[in-house]
There are 2 protein chains.
Amino acid sequence: MTETRGSTHAKRAAYDLRQRIVKGELPGGTRLYEVALAEELEISRTPVREAMSRLAEEGLLERARGGGFVVRSFTYADVLDAIELRGVLEGTALRLAAEAGVSSEKIQHIKGLIAQIDAGFSAAGDPPDLEAYSGLNEQFHDDIADLCPSGIVRSELQRVKSLPFASPSAFVFRRRESQTMTQSIVIAQAHHHAMIEAIERREGARAEALAREHALIARRNLEEKALAPGEGNPALALIVD
Amino acid sequence: MTETRGSTHAKRAAYDLRQRIVKGELPGGTRLYEVALAEELEISRTPVREAMSRLAEEGLLERARGGGFVVRSFTYADVLDAIELRGVLEGTALRLAAEAGVSSEKIQHIKGLIAQIDAGFSAAGDPPDLEAYSGLNEQFHDDIADLCPSGIVRSELQRVKSLPFASPSAFVFRRRESQTMTQSIVIAQAHHHAMIEAIERREGARAEALAREHALIARRNLEEKALAPGEGNPALALIVD
DNA sequence: GCCGCGCCAATTGTATACATTTCAGTGTAT
DNA sequence: ATACACTGAAATGTATACAATTGGCGCGGC
């Protein structure tokens, strides 16, 4: 089979299928046939089934009536909703963290991350390195979610973030698009500062509202990009209509 | 194998395992062994694996490192958090419904359900029939979630509700416990009225707040019951500590 | 005594043959 | 013309043998 990472055939097949789905090679609604995939990947049906099960757990596939799996369809509206839902869940995570209180060590750790992002802004105000920002931003969102004392909330948030277009780092711009991008990042970073401050001061409602507003930046960026497709983000390939 | 419903061995096995987990016969942390289960259910390993996959999708099992599945552990705190999370998601669903607007037909349908619950209250103020209330209450929660225009939010809410202790109908009292139960139901029903009114008037924030407060009733009821276990709710059997 | 190494049993991973179900196509009867 | 039942290919469901991996236990060396 194609050289993809993983220790078992099932994991490799899952990786392979996941890539194909995210790239849009397997559009929403496509039915997956065990035999065809098994032949294509040069493995037996058993690991193919296993792989499909795993992707169903991730929410990328749905079980079809009468057995089998279908690639889950995501409409453009679904993508916007998933981003908003991420904001709601992040907001809940931050509110619970604020209400429960967070140790100063953890607060300092987050502040360190934020400082790293700050350091990426030059004094001149030109756009920071997008690769670096994307990585740090994702790290920030992961670590801030870990502040939430509820494992249930953490895991459901993680679940929503695993949808390829709902991740906080999904729609970081590909190229430098005028001032829009820089401005968005400046605002987002202001949110980052405010979020940790709200948590530190145990202002739960404020933390929650900030997380929601923060997600709306991602949503707005997507809405603006969608109007001018251009070389669209690959994670959008799986949108069906 | 034991006479459980389902058309395939895998579905029967999933049903059987689900029952055992919810009843607490398979406590959190228990590792499930394919061979043992297969012999016990008198089927082969294949449908057992299939059943475990399905339960993993439901969130009742987790994949263990090195393969296999483990019964997911739910602490008492997890149960409380899951109820609160249900409130958050129901709140989001209602808010989105209110913001988008809902047709008067659907509003009337919900109002009809509420009226049916109202009819269960006698003029004397004695407790309504719990079976009937539980059924109508569950129906209300299902139907009101359907008002949400976002399929993503609906499905994630459905997912959380599928946790056996987070369902709106999970902790309806078993016997008539003084006035506590009656009072709770009266308050809950007031919330029901207010929710649909908020949606009708497109008051999103109010609808959201109501849904959260509504879930807190369920949470408080559980907290009070937990202090005096008695003949506890069976859905609580899967709590590990 | 303790650590590491390797073996063995237990467990999951995989392939494959066979059974069953599903669904579309087709024919017939009404 | 429509509804229904039959048919058969194609798909998933199941059993089972075998392979590979894991994890624990004991043996040996240090």
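Here is the naming used below: chain letters follow the sequence lines, and residue numbers restart at 1 for every chain. All of these numbers come straight from a predicted model, not from anything done at the bench.
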| field | Verdict with reasoning, A:E62 to A:F69, per side-chain contact (heavy atoms from CB on, under 4.5 Å) | value | CA-CA 6 Å; A:E62 288 176 329; A:F69 293 85; over 6 Å; no
| message | Determine whether B:H214 and B:E90 satisfy the following criterion, side-chain hydrogen bond (donor to acceptor under 3.5 Å, both in side chains), listing intermediate values before the conclusion. | response | CA-CA 10 Å; B:H214 192 64; B:E90 272 188 331; 6.0 Å; no
| query | Could you walk me through whether A:L222 and A:V79 pass the side-chain contact (heavy atoms from CB on, under 4.5 Å) check? | reply | CA-CA 9 Å; A:L222 171 59; A:V79 173; 3.4 Å; yes
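When the C1' atom of D:dA10 is taken as reference, atom OH of A:Y33 falls 9 Å away, rounded to whole Å. Atom C1' of nucleotide D:dT12 and atom CZ of B:R49 are separated by 17 Å, given to the nearest angstrom. D:dA20 atom P lies 12 Å from atom CZ of A:R12, rounded to whole Å. Straight-line distance from the CG atom of A:L37 to the C1' atom of D:dA11: 13 Å, rounded to whole Å.
Distances shown here put every side-chain N or O of B:R45 at or beyond 4.0 Å from the OP1 or OP2 atom of D:dA17.
Contacts of B:R31 with the nucleic acid, taken as non-hydrogen atoms under 4.0 Å apart, involve only primed sugar atoms and P, OP1 or OP2.
Note: B:F165 and B:F74 have perpendicular aromatic rings, judged against thresholds of 30 and 60 degrees for the angle between ring planes. The aromatic rings of A:Y133 and A:H192 lie parallel to each other, their planes meeting at an angle below 30°, with 60° marking the opposite boundary.
The overall bend of the helix from C:dG1-D:dC30 to C:dT30-D:dA1, read as the angle between its terminal helix axes built from five base pairs each, is 20° when rounded to 10 degrees.
With a heavy-atom cut-off of 4.0 Å to chain A, the contacted part of DNA chain C has its first and last nucleotide at C:dG13 to C:dC23.
Of the two residues near DNA chain D, B:G66 and B:E50, the one whose nearest nucleotide lies more 5' is B:E50. Residue B:E34 is the one, among A:T46 and B:E34, whose nearest nucleotide of DNA chain C lies closer to the 5' end (criterion: closest heavy atom). Of the residues near DNA chain C, A:R65 and B:V35, the one whose nearest nucleotide (by heavy atom distance) lies more toward the 5' end is B:V35.
Between A:K106 and A:D143 no salt bridge is recorded (no basic side-chain N to carboxylate O distance below 4.0 Å). Ion pairing between A:E84 and A:R220 fails under the 4.0 Å rule for side-chain N and carboxylate O. Under 4.0 Å is where a charged nitrogen must lie from a carboxylate oxygen, and between B:R63 and A:E50 at least one such pair does.
A donor-acceptor pair is defined here as one N or O able to donate and one able to accept, closer than 3.5 Å; such a pair exists between the side chain of B:S155 and the backbone of B:I152.
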